[in-house]
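Computed from heavy atoms alone, side chains included, the values below leave out hydrogens, waters and symmetry copies. Everything numeric here is computed off the predicted structure, so don't read it as measured data. Residue indices begin at 1 and follow the sequence shown.
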Amino acid sequence: MLKNKTVLVTGATSGFGLAIANQCLAQGARVIATGRRADRLAEFKSDNVHTLTLDVRDKDAVNAAIASLPKAFAAIDILVNNAGLARGFGSYDTQSMDDIEEMVDTNIKGMLYVTHAILPGMVARNNGHIVNIGSTAGNYPYPGGNAYGGTKAFVKQFSLNLRADLLGKNIRVTNIEPGMAETEFSLVRFHGDQSKSNDVYKGMEALSADDIADAVLWCVTRPAHVNVNRMEVMPTMQAFSPFAVSRKGN
């Protein structure tokens, strides 16, 4: 279904990114897999894979990497902006500014850098699809989600505005918005604390990385005249909470 298509996936060394890259490969695509962990990228061994050890927060490195792609991988048909993370979990007044800046630099600026480097080629060829990995945290607030939710709200609004910019061109834009998914996400959020990470998913079946990869694959394989603007995906055992009310002073 993706034969002769070139797909670039950021953050392809684990979780959603790894699953998306593998599913695209299984559908016959050429894949450019990027990530910070060179040892994990080395596990991708195929004539249809080009790996880039890349930190999307480094604007100059992003531009240089895209400009130096081999000819066989240079015309990118599908960009999946997956690189992202949550750091810390608590009231904003207690959050580490280093954690906050890492989320902003990765989830927002990294996505902007990669998109800005690749989009001109899509416009010149009048063909392409940009898939941004957002989050239900960009739609619904929850205690402790402050800066992370803000970054994912940015992803949602940027995706919609990009659609507006590209009206009249054969370039699609989709924002995938996962709910709870059991990957390395919580392990990263809690700075490697496996016990806290496990507690997040205890007693329920969360989404898997393959569930989200399936959603991405479905969106990018629709007919060319069909654009999926947003897709929100949650596990069955996750839903919306009622409005919170503090009754102190009663």
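Here the side chains of His129 and Met122 are not in contact, with every heavy-atom distance at 4.5 Å or above. With contacts defined as side-chain heavy-atom distances shorter than 4.5 Å, the pair Met204/Pro235 qualifies. Side-chain contact between Gln194 and Leu187: present, with at least one pair of heavy atoms (C-beta onward) separated by less than 4.5 Å. With contacts defined as side-chain heavy-atom distances shorter than 4.5 Å, the pair Thr115/Ile130 qualifies. Within the 4.5 Å cutoff, no side-chain heavy atoms of Val220 are placed close to those of Val80. Residues Arg36 and Arg57 meet the side-chain proximity criterion, which asks for heavy atoms closer than 4.5 Å. At a threshold of 4.5 Å between non-hydrogen side-chain atoms, the residues His50 and Pro70 count as touching.
The neighbour count for Asn126 CG, taken as heavy atoms of other residues, nucleotides or ligands under 6.0 Å away, is above 12. In the displayed structure, Lys156 atom NZ is contacted under 6.0 Å by more than 12 heavy atoms of other residues, nucleotides or ligands.
In this structure, Glu232 CD and Glu177 CD are separated by 5.5 Å, a value rounded to the nearest 0.5 Å. Atom CG of residue Leu18 and atom CG of residue Asn82 lie 10.0 Å apart, to the nearest 0.5 angstrom. Summarising the geometry, atom CG belonging to Leu119 is positioned 5.5 Å from atom CG belonging to Leu166; distances are rounded to the nearest 0.5 Å. One distance of note links CE of Met103 with CG of Asp98; it measures 11.0 Å at 0.5 Å rounding. Note that CD of Glu102 is 13.5 Å distant from CE of Met97, once rounded to the nearest 0.5 Å. Here Tyr92 contributes atom OH and Ile100 contributes atom CD1; the two are 3.5 Å apart, rounded to the nearest 0.5 Å.
Smallest separation of non-hydrogen atoms from Leu41 and Ala33: CD2-O, 3.6 Å. Scanning all heavy atoms of the two residues, the minimum distance from Tyr113 to Val56 falls at CD1-O, 3.2 Å. The shortest non-hydrogen separation linking Asn4 to Asp77 is O-OD2, 4.0 Å. For the pair Val31 and Cys24, the tightest heavy-atom approach, listed with the atom from each and the gap, is CG2-CB, 4.0 Å. Closest heavy-atom contact between Thr174 and Cys219: CG2-SG, 4.0 Å. A pairwise comparison of heavy atoms in Pro143 and Phe89 identifies O-CZ, 3.4 Å as the closest pair.
A side-chain donor from one of His191 and Asp99 sits under 3.5 Å from a side-chain acceptor of the other. For Arg37 and Thr53, the side-chain atoms include no donor-acceptor pair closer than 3.5 Å. Side-chain contact of Asn175 with Asn229: a donor-acceptor pair under 3.5 Å is absent, judged by distance alone. In the model, Asn132 has a side-chain atom that pairs as donor or acceptor with a side-chain atom of Asn81 under 3.5 Å. No donor-acceptor contact under 3.5 angstrom links the side chains of Asn48 and Ser46, judged on distance only.
Under the 4.5 Å side-chain heavy-atom criterion for Ile, Leu, Val, Met, Phe, Trp and Tyr, Val228 and Ile133 are members of the same hydrophobic cluster. Residue Ile76 is not grouped with residue Val7 when hydrophobic side chains (ILVMFWY) are merged at heavy-atom distances under 4.5 angstrom, including chains of intermediate members. Using a 4.5 Å cut-off between side-chain heavy atoms of Ile, Leu, Val, Met, Phe, Trp and Tyr, with links allowed through other members, Ile212 and Met180 fall into different hydrophobic clusters. Hydrophobic clustering, with ILVMFWY side chains joined whenever heavy atoms are under 4.5 angstrom apart, groups Ile32 together with Ile171. Residues Leu85 and Val155 fall into different hydrophobic clusters, defined by Ile, Leu, Val, Met, Phe, Trp and Tyr side chains chained together at heavy-atom separations under 4.5 Å.
A search for ring-ring contact (aromatic ring centres under 6.0 Å, His included) contacts involving Phe240 returns Tyr140, not counting sequence neighbours. Shown here are the side chain to side chain contact (heavy atoms under 4.5 Å, CB included) partners of Ser195, two or more places apart in sequence or in another chain: Asp193, Asp199.
Of the listed residues (Leu54, Leu112, Thr10, Leu52), just one forms a side chain to side chain contact (heavy atoms under 4.5 Å, CB included) with Val62, and that residue is Leu54.
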Practice prompt. Might you work through the side chain to side chain contact (heavy atoms under 4.5 Å, CB included) test for Gln27 and Leu217, ending with a clear yes or no?
Written response: CA-CA 9 Å; Gln27 294 295 326; Leu217 197 66; 3.8 Å; yes
Discussion item. Checking Arg87 against Ser96 for the side chain to side chain contact (heavy atoms under 4.5 Å, CB included) test, could you report, in this order, the C-alpha distance in whole Å, the side-chain angles of both residues, the deciding distance, and whether it holds?
Written reply: CA-CA 9 Å; Arg87 284 285 197 195; Ser96 156; over 6 Å; no
Discussion item. Walk me through whether Asp211 and Ser208 qualify under side-chain hydrogen bond (donor to acceptor under 3.5 Å, both in side chains).
Written reply: CA-CA 5 Å; Asp211 293 330; Ser208 70; 3.2 Å; yes
Item to complete: Evaluate the ring pair (Phe, Tyr, Trp, His ring centres under 6.0 Å) criterion for residues Tyr148 and Phe185: first the C-alpha distance (whole Å), next the side-chain angles of each, then the deciding distance (0.1 Å), finally the verdict.
Response: CA-CA 12 Å; Tyr148 174 69; Phe185 175 86; 5.5 Å; yes
Practice prompt. Kindly indicate, with the supporting measurements, whether the criterion side chain to side chain contact (heavy atoms under 4.5 Å, CB included) is fulfilled by Lys109 and Val114.
Written response: CA-CA 9 Å; Lys109 294 169 73 174; Val114 176; over 6 Å; no
Worksheet item: How far apart are the C-alpha atoms of Val173 and Leu160, what are their side-chain angles, what is the distance that settles it, and do they pass the side chain to side chain contact (heavy atoms under 4.5 Å, CB included) test?
Response: CA-CA 8 Å; Val173 183; Leu160 294 174; over 6 Å; no
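A donor-acceptor pair under 3.5 Å links the side-chain atoms of Arg172 to the main chain of Val226, judged by distance alone.
Between Lys202 and Glu182 no salt bridge is recorded (no basic side-chain N to carboxylate O distance below 4.0 Å).
Judged by the 6.0 Å and 45° rule, Arg163 forms no cation-pi pair with Phe158.
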